[in-house]
Amino acid sequence: MSTPYAKLPAWADYGLIPLINLSVAFIVAGFVVMLVGENPFRAAVILVEGAFGKGTGIAFTLFYATTFIFTGLSVAVAAHCSLFNIGTEGQAYIGGLGIALVCLSLDSVLPWWVIFPIAIVAAAAFGALWGLIPAYLQAKRGSHIVITTIMFNFIAASVMVYLLVGALKPAGSQAPQTRNFLAGAELPKLNWVIELFGAKIRSAPLNICFLLALVMAFLVWLLIWRTRLGYEMRTYGHSPKAARYAGISETRIIITAMMISGALAGMMALNPVMGDQHNVAIDFVSGAGYVGIAVALMGRLHPVGIVLAAILFGMLYQGGAELAFEMPAISRDMIVIIQGLVILFAGALEHMFRPYIQALFASVSPKSVGMQAVNGKGA
Amino acid sequence: MDMFNAIIQVLDSTIRLSVPLLLACLAGLYSERAGIFDIGLEGKMLVGAFAGASAAAVFHSALIGLGTAVLISVAFALVHGFASITHRGNQIVSGVAINFIAAGSTIILGQAWFQQGGRTPALQPGERFAAITWPGADAIKDVPIIGPIYAELISGHSILVYFAFAMVPFTWWVLFRTRFGLRMRAVGENPAAVDTAGISVAWLRYRALICTGVLTGVAGAYLSMVQNGGFVKDMTAGKGYIALAALIFAKWKPVNAMFACLLFGFLDAAAIRLQGSPLPIIGKVPVQFMQALPYVLTVILLAGFIGKAIPPRAGGVPYVKER
């Protein structure tokens with residue numbers, strides 16, 4: 001799909017435009033806060049202080065960010081191959097099933113550092129398998145990946161509810177969740193890292209999954225820009241025709257990309273399940289898969305951008321909780337609106353301000369937009 | 001006779017449960033036929049439900065409620081249009097955004113305005129759409145077979161139910177018998193040809209989206225003002241997505257859409273009715289299986305195992321005029 005817009009310098013493309021879009025999203029969110037009868041500036045201060053003011057806040061922010069790095073990377077890997085994976089939510093949910101099976105059967109015998117790698121593999125495998133079916137249907141039967149992944153989110157939810165009120169629930173318990181894992185399946189916390197900087201932390205769930213997320217971000221960068229497979233994925237993403245002409249197998253590339261995407265989504269479950277709750281409960285993903293869409297768009301599908309965007313959303317989640325505490329009129333659902341606005345302005349309306357910025361660049365220095373300085377035939 | 005009554009009851013709740021699906025499904029039909037994918041049906045229904053219930057509660061009028069529901073829902077449809085038609089943004093992304101904004105804002109505004117934990121005040125009789133009893137329904141109620149069918153199934157629904165079913169032939173007529181319908185279908189298949197004929201692609205698509213907004217607004221109003229006496233947070237609970245599934249299942253055709261929605265409504269009604277009680281031959285069917293069935297069926301259909309669902313060819317692609 002060719003964009004009908006001329007090129008901008010990279011710093012404007014990757015820095016200025018996202019920043020403008022983000023600002024607009026926050027300004028509109030500010031209006032919503034005003035509509036509710038609160039002061040948007042005070043809300044913003046509470047939000048940022050809640051997220052970064054204290055050690056505990058920072059730890060929570062990074063804990064949420066960990067989750068969003070995984071889902072953001074998942075959406076991004078598929079998007080590089082021009083596949084819109086809305087199924088991250090369901091893949092993460094099913095990934096949780098894999099972790100549950102590993103932890104429930106091994107947590108009494110093995111220490112965490114043996115269980116953790118096995119759980120990673122299980123989570124990734126279950127997530128990948130849940131991504132495989134829509135991918136296969138897209139590649140072989142031409143069914144639209146967006147629709148099938150949406151359907152698979154609902155199917156995943158039904159499967160998990162069925163298992164959690166049935167087979168996975170310990171006998172005699174009413175709550176639809178697995179039994180709590182033993183110490184063998186609890187991941188070590190990372191709070192001491194923040195405490196090194198002199199901050200005090202009262203129990204926060206930040207755990208080593210954060211490091212795993214950063215490693216995965218690096219591996220995704222390596223995959224997309226430094227390997228043959230990544231090159232093929234990007235080629236297919238830019239032009240399926242060109243990819244076919246170059247002898248790239250469509251089926252193979254779609255299925256591989258979706259399985260990697262599903263695996264990353266599945267690994268997201270490690271963070272809340274093994275790092276925080278120590279059980280698998282109904283709806284533990286709670287929309288993180290959809291946040292991944294916002295994170296991936298915000299981060300412009302680049303791992304560095306995704307990590308930054310994930311921290312931004314982690315800040316919104318943690319600060320939002322504080323905000324709900326301080327301003328009773330604003331509940332945590334404010335974050336849902338902000339997410340929506342970010343997706344709208346940074347995603348769907350990403351080209352809205354581009355023509356104006358291009359015109360601005362063209363009038364200041366025509367060369368910067370790759371144009372001859374003859375006449376200003378802009379966007 | 002007990003068996004017969006049970007069947008009548010299930011069919012009656014089938015009709016009630018399939019109405020919001022049908023309205024949303026027809027709504028999606030207009031926009032997708034015009035080449036605009038609409039994941040945001042769910043969100044538009046939700047804002048419609050919220051706006052309808054709030055306005056009805058504040059102004060004490062069901063009609064004002066319905067009008068507001070339609071208005072707000074159309075406004076959201078226009079945002080989708082602004083992003084995906086005017087600015088050629090990704091239609092899926094825009095739809096996802098609308099769902100998020102709808103889910104968050106209905107709760108925040110509901111809490112700020114009514115302080116009932118995201119609910120709107122319970123609607124009084126005059127503020128809801130009451131059931132209409134057809135002439136003679138009470139008189140023949142006791143006649144075997146025909147009586148219950150007439151009194152329970154045909155009579156005794158609110159005006160919005162009849163509206164929803166009337167929209168099926170109407171949509172068919174608009175789509176296949178009017179100039180607007182022809183052009184709308186053309187713009188979903190081959191916008192360049194429509195453009196060549198001197199017709200504005202953008203304006204046609206905007207009009208299709210307005211139709212979508214109107215119908216999702218009515219669907220939302222039905223949920224909060226007929227099925228339920230007020231708005232409850234997240235009350236659409238995935239119905240917008242089931243409607244989307246029904247639309248694909250119906251292969252983008254209005255009459256098929258009605259049958260698809262009735263089928264999905266029936267599955268829902270049966271799941272509620274059975275609640276885990278065993279069926280003959282098959283045995284006990286888990287509720288979750290019944291709930292997942294619409295999605296499973298849609299996936300199987302999409303995979304081309306029951307006929308082939310071919311979407312409008314230009315769906316999802318922003319139209320760029322050649323220069």
Side-chain angles (χ1 to χ4, degrees), chain A residues 1-4 32-33 35-38 84 86 133-134 136-137 140-144 146-148 150-163 165-166 287 290 293-294 297 328-331 333-352 354, chain B residues 37 39 43 79-80 82-84 86-109 111-113 115 118 233 238 241-242 244-245 248 286-289 291-296 298-299 301-305 308-309 311 315-318 320 323:
Chain A
M1 206 158 42
S2 66
T3 46
V32 178
V33 174
L35 203 62
V36 172
E38 294 280 3
F84 201 135
I86 298 196
I133 310 165
Y136 174 81
L137 293 176
K140 283 285 184 192
R141 320 278 317 188
S143 30
H144 204 299
V146 171
I147 307 289
T148 33
I150 290 177
M151 301 297 135
F152 266 75
N153 283 346
F154 286 100
I155 298 172
S158 290
V159 168
M160 289 301 282
V161 172
Y162 175 68
L163 291 173
V165 299
Y290 298 110
I293 299 171
L297 289 172
I330 297 175
S331 65
D333 300 289
M334 192 67 215
I335 308 310
V336 180
I337 302 185
I338 297 179
Q339 262 170 45
L341 290 169
V342 168
I343 297 179
L344 185 68
F345 285 102
L349 283 170
E350 63 172 337
H351 300 311
M352 185 157 74
R354 192 173 280 257
Chain B
F37 278 164
I39 305 276
V79 170
H80 186 48
F82 182 68
S84 58
T86 306
H87 287 290
R88 304 183 202 116
N90 187 318
Q91 299 167 4
I92 312 280
V93 174
S94 165
V96 171
I98 280 174
N99 287 340
F100 269 111
I101 296 172
S105 58
T106 48
I107 300 175
I108 290 279
L109 294 180
Q111 176 59 21
W113 290 341
Q115 273 107 30
K233 69 173 189 178
Y241 294 110
I242 297 202
L244 204 64
I248 297 159
V287 188
Q288 291 82 20
F289 178 75
Q291 282 165 347
L293 203 52
Y295 307 113
V296 175
T298 308
V299 169
L301 175 88
L302 268 173
F305 295 120
K308 191 127 181 77
V317 187
V320 184
R323 289 170 202 274

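Naming: A, B, ... by sequence-line order, numbering from 1 per chain.
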Report the distance from atom [atom1] of [X] to atom [atom2] of [Y], rounding to the nearest 0.5 Å.
| X | Y | atom1 | atom2 | value |
| --- | --- | --- | --- | --- |
| B/F82 | A/M352 | CZ | CE | 5.0 Å |
| B/T86 | A/H351 | OG1 | NE2 | 13.5 Å |
| B/N90 | A/L349 | CG | CG | 11.5 Å |
| B/K233 | A/D333 | NZ | CG | 6.0 Å |
| B/I92 | A/I343 | CD1 | CD1 | 12.5 Å |

Heavy-atom distance under 4.5 Å to chain B: side chain of [X], backbone, both or neither?
| X | value |
| --- | --- |
| A/F152 | side chain |
| A/F84 | side chain |
| A/V146 | side chain |
| A/L341 | both |
| A/V342 | neither |
| A/L344 | both |
| A/I86 | side chain |
| A/L297 | side chain |

**Study point:** Region of B/I39 in contact with chain A, defined by heavy-atom distances below 4.5 Å
**Key:**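 B/I39 touches chain A through side-chain heavy atoms alone.
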
Exercise for review: Please state whether the side chain, the backbone, both or neither of B/T298 comes within less than 4.5 Å of a heavy atom of chain A.
Suggested key: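 It is the side chain, since no backbone atom gets that close.
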
Review point. Between A/M151 and B/Y241, what is the shortest heavy-atom contact and its length?
Key: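 That would be CE-O, 4.0 Å.
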
Do [X] and [Y] make a side-chain contact, defined as non-hydrogen atoms from C-beta onward lying under 4.5 Å apart?
| X | Y | value |
| --- | --- | --- |
| A/H144 | B/F37 | yes |
| B/F100 | A/I337 | no |
| B/Q288 | A/V165 | yes |

Check your understanding: Counting heavy-atom pairs under 4.5 Å to chain A, which of B/V79, B/V299, B/V96 comes out on top?
Key ->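 That would be B/V299.
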
**Study point:** Pick from B/L109, B/I242, B/I101, B/I98 with the largest number of heavy-atom pairs that fall under 4.5 Å of chain A
**Key:** B/I101

Practice item. List in chain and number order the residues that pass salt bridge (charged side-chain N to carboxylate O under 4.0 Å, His left out) with A/E38, two or more places apart in sequence or in another chain; answer none if no residue qualifies. Key: none

Review point. Are B/F289 and A/Y162 close enough that their ring centers fall under 6.0 Å?
Key: no

Review point. Counting heavy-atom pairs under 4.5 Å to chain B, which of A/L137, A/I155, A/V159 comes out on top?
Key: A/I155

Point to revise | Top contributor to chain B interface from A/N153, A/V36, A/I133, A/V32 [non-hydrogen pairs under 4.5 Å] | key: A/V36

